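Read through the structure below, which is laid out as structure tokens, and then see the notes.
Bear in mind the structure is a predicted one, so any value in this text is a computation, not a measurement. Throughout, numbering of the chain's residues begins at 1 and tracks the sequence. Every number for a ligand or one of its atoms is a count from 1 in the order of the listing.
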Amino acid sequence: MKNSKRWLSSALVLSTVAGIAFSTMESGVTPQVAEASSLKIQPVESVSLVQLAVPNTKDAMKKIEELGIDLTHRMHVHNGQIEVDAVVTPTEVAMLKLYGINVKETLITENQLNQRATERRMAVKQEQKLTAVEETVTILRANHFTNQSDTFLYVEAKSTSGAVSSTILTARWTENGEEKTATLQQIQDAGEYLYHSFMLPVSAIPKDITIESSLGGSAVSTVTEWLGEGKPDKPGKHYVKNFVDHYMDPTETNARIENLVKEYPELAEIVEMPNKTNGYRRQAQATLGTLQNTAVVVTSREWGHEGGNAISLELKKASAAGAPLSVGTSGNKIIVTLATDAAGNAKSTAKEVVDLLNAEVSDLVSATTYRGNAGNGIVEPATSNLSDNLRAPATVSREPFTVKAIRIGKHRDGSKPGVLGYSQEHAREWVTPLVSVETAERLLRNYSHDKDTKKLVDNLDIFIIPSMNPDGGHYSFYDFNSQRKNMTNHCSPSQSDNGYRNSWGVDLNRNHDVGSAFDGYVGASTTNCLSGTYAGPSEHSEPESRNLVWLTDENPNIKFAMNIHSYGGYFMWSPGAYTPERETLPRPSAGEEAYYWQASDHILKEIKKHRGTVILPSRTGPIPDVLYSAAGNSADHLWYEKGIYAWNFEVGADLWNKETKRWELVGFQPPFEEGHEEAMEFSNGLLGLIDVAYQYSKDKKAPKSSVTPNGGRHEDKVEVSFKTSEPATIYYTLDGSRPTFNSQKLALSGTREGPETLTFEKTTTLNWFSVDASKNVENQYEPGNNKKYNTKTFFIK
Ligand SMILES: [Zn+2]
């Protein structure tokens, strides 16, 4: 309470000054309020920061001075009054009133001020706590990589005191004999400290790197290559690719996969999704009038293409004076005759016209005032043809659209492991359907002569959906490039005039049921139908998202999925969402996470093969660690509800400009030359995932695991770590019971860190087994049945 003294003295001054002040008080003001309080010393009062409105007179300003009011520097003249911010007590406020000086606005109360101080104290305490304990610096990764334009050094390091911004981490390394340093940047998301990192181009690759903290901690790590073995693309001699030569709308991509099935009926079939979209169609609309209170919004009953577009509306003034408001139709033309007053001036309001249209011609149109306006303005004469504003050629159907998958495999009966690639949940991501089409073409057209391709098609069941969002896709191609969502309007009539037509729709990658905005997760809106990430009226409200659920319900053999988006060059997996407290959906077990990383390494190397594109380590990992929270995304549904290893691509990695030394973004719809390259490299990536699925199908080898230390006698306590021969989940018990698939799983120790260690402080028997991604169980143990699990006892004195 450092400041209390000052407040006290200010109160004292006030009472004294107030005592003198009465004698000089201007007439007409009765000093009742101040009288009693002036007799005794006031207790310490709370203060507020307020804005005072002071009459712009010498006297008033003099009074303020006399009263010793604590003025701030923020002062200006407004409407002949001086507005000035001041720190005052309630007594001071009462005194000021007597001089015609009023409190205009309370800016900050003492409570709020105290809160700031408390917050600050907490922060200082936290800082002391974090910096007082002995700091540990851990290097999470130290990588070099070379992409198409340069060689880079990338480092992630974590300090136990890293959450405090005064903890500075510095990297030191040697480049061509020259000592180099760089300050690492603190990476935070939603207020949580993740790690520090930096990335810089280097002229030579250092052998190792040292990270030093301003608090004294340090760590050294060797520098390894990220996506090392990626060699230039040297596919089989007769391997064919390059099947996409322009951006394709969803009508074209459907035709492409249908033609492929006609050509390869033995190897492929079309899967029609049961939930048709709402369709590339809208009602015809017009907004007549120029002012909000005079405007009349009309919407046809029928879809635009089914008659709505033929309707027109004329608002004309009656020719005679004193005429009533009336409406009539002539074919598809609606004519409203606006009422006139005795002088012959139009007098009908927008509200009156709207009510009349709804009462008399509701078989043709519905009408509203503009965006909830009362509509009290006098309507101006106007004529308009209603339009659905859809500009796609007639070759694009206006009917509900059937979303289609191409299913590729020699055995499409559910007996082979399934892989799913799906693209264009977001309409404007034009490159993504090309990735899908290119991949389907490569699989089929190389089948007969490329043994690697044959192996994939013979042993897997591959589902590829070029466009999850065909309505939005068509809208993006022909009407509004930046369309992200589907076309379905869930807004109320007051947000449904045609001026909002580019903002309606549901974000299909936010409409799912795991970690959704409806459950309070971050990254989507449930209330704003115009938001870019509108989650819809409810989970799975949209046919497009129900199609994904249906496909994976129908085909439980699907074990791998890729949700293909653009842009930015990200490669991510679950968890995909967190709460406002940044509590993420459950992290995968340590073994599952290791498998995600191992598979990612293969997939990203395949991407790199095409033109050297390196998906950055900083953009690879669980979604909340590298991007943001995406409540209700589809990949989380696949992982948590179906146990499918589900990744998200963001195709279109930034390109490094060697001259400006900057990364440049490619955007949603880059020039086709770039879009083509992205399609080629990410088709490599999708085929890389298909390879991963193939390896999975062939993996019959059980994992092996061990612990360090290997049981035995220990002082005090013991920290036990696990090792597995391949990515595998450890299930364990500590109470001597037989471990099962319901037992505790070994977890990750933290964001972007390795498996946790177990600490035993008393004698403990550890029973465990490991199981790999293909469900091979270590040592032929049948969880819960035989006794072939591992067991070690740790004796503590
Ligand atoms: Zn997207």
Side-chain angles (χ1 to χ4, degrees), residues 247-250 253 277 403 420-437 464-477 480-488 502-512 514-517 521-525 531-536 542 544-545 547-548 561-574 576-577 607 615 619-620 622-624 626-639 646-654 665-670 674-675 678-679 681-683 685-686:
Y247 287 122
M248 287 183 280
D249 73 28
T253 54
T277 67
V403 177
L420 166 64
Y422 59 106
S423 38
Q424 205 173 33
E425 277 185 329
H426 291 148
R428 63 193 173 199
E429 299 167 9
W430 289 7
V431 176
T432 66
L434 303 185
V435 174
S436 281
V437 169
I464 294 173
I465 311 174
S467 182
M468 293 295 288
N469 180 10
D471 299 346
H474 287 125
Y475 197 70
S476 173
F477 273 94
F480 176 57
N481 284 57
S482 298
Q483 178 75 12
R484 169 182 167 100
K485 305 185 284 180
N486 72 3
M487 275 181 73
T488 305
N502 291 339
S503 303
W504 299 324
V506 176
D507 185 341
L508 300 177
N509 204 23
R510 300 291 186 277
N511 188 233
H512 286 273
V514 176
S516 76
Y521 284 78
V522 172
S525 173
S531 157
T533 53
Y534 177 52
E542 303 307 292
E544 294 92 337
S545 39
N547 280 334
L548 185 73
M562 186 68 73
N563 183 10
I564 306 163
H565 285 256
S566 83
Y567 62 87
Y570 286 87
F571 192 54
M572 304 173 291
W573 54 88
S574 293
I607 291 172
I615 301 302
R619 295 188 174 188
T620 302
I623 296 171
V626 299
L627 193 62
Y628 46 53
S629 176
N633 71 81
S634 58
D636 275 343
H637 171 84
L638 299 180
W639 170 244
W647 281 267
N648 299 268
F649 272 155
E650 296 275 351
V651 314
D654 293 352
L665 61 87
V666 293
F668 293 112
Q669 295 146 16
E674 165 62 21
E678 293 174 15
E681 62 196 4
F682 281 88
S683 176
L686 185 51

Which atom, among the N/O/S set of E429, is closest to the Zn ion (ligand 1)?
OE2
Test item: R484 side-chain N/O and D507 main-chain N/O as donor-acceptor pair under 3.5 Å
no
Atom name in H565, limited to N/O/S, at shortest distance from the Zn ion (ligand 1)
ND1
Exactly one of F649, F668, W430 should register a ring-ring contact (aromatic ring centres under 6.0 Å, His included) with Y567. Which one does?
F668
H426: which N/O/S atom is nearest the Zn ion (ligand 1)?
ND1
Roughly how far, to the nearest 0.5 Å, is the CG atom of L548 from the CG atom of L638?
5.0 Å
Heavy-atom donor-acceptor pair, K485 side chain to T533 backbone, under 3.5 Å
no
